[in-house]
Amino acid sequence: MTAASPAPASAAPRPDWRLVVGFAALTILIHFLTNGAYGYFRDELYFIACGRHLAWGYVDLPPMVALVARLSHAAMGDSLFAIRFFRRFATRFPP
């Protein structure tokens, strides 16, 4: 006669997704509130320039970075908030 094997006691606990999303939303809010505390960083100016001159590839960055810069410029204009908007969501909610 065989006995049913019990569930392993060392199963990894599942994360509480409400807590994870809450912390991600809190960090996004903090970044949005402090977004204008300093000016453009030199990399951001480079991304804007690459967004104005799209190419299939660049030596030091993938083409998606320039495309996102172009889309943020088209959607929200030239501002610190616009250039940093999509980056905040990409770093807080990775796929």
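- Interatomic distance, CG of Leu61 versus OH of Tyr46, reported as 5.0 Å (0.5 Å rounding).
- The two atoms that bring Tyr40 and Arg84 nearest to each other are CA-NH2, 4.1 Å, heavy atoms only.
- With Ile83 as the partner, the side chain to side chain contact (heavy atoms under 4.5 Å, CB included) test is satisfied by one option alone out of Leu45, Asp78, Val68, Ile48: Ile48.
- The nearest pair of heavy atoms linking Ala82 to Ser72 is O-CB, 3.4 Å.
- To the nearest 0.5 Å, the span separating CE on Met76 from CZ on Phe86 amounts to 4.0 Å.
- Cluster membership for Ile30 and Phe23, using ILVMFWY side-chain heavy atoms within less than 4.5 angstrom, is not shared.
- To the nearest 0.5 Å, the span separating CZ on Phe41 from CZ on Phe47 amounts to 9.0 Å.
- Among residues two or more places apart in sequence or in another chain, the ring pair (Phe, Tyr, Trp, His ring centres under 6.0 Å) test is passed with Phe32 by Phe81, Phe85.
- When the side chains of ILVMFWY residues are joined at heavy-atom separations under 4.5 Å, either directly or via intervening members, Leu26 and Leu19 end up in two distinct hydrophobic clusters.
- Of all non-hydrogen atoms in Gly51 and Ala69, the two that sit nearest each other are CA-CB, 4.4 Å.
- Closest heavy-atom contact between Ala55 and Pro63: O-CB, 3.7 Å.
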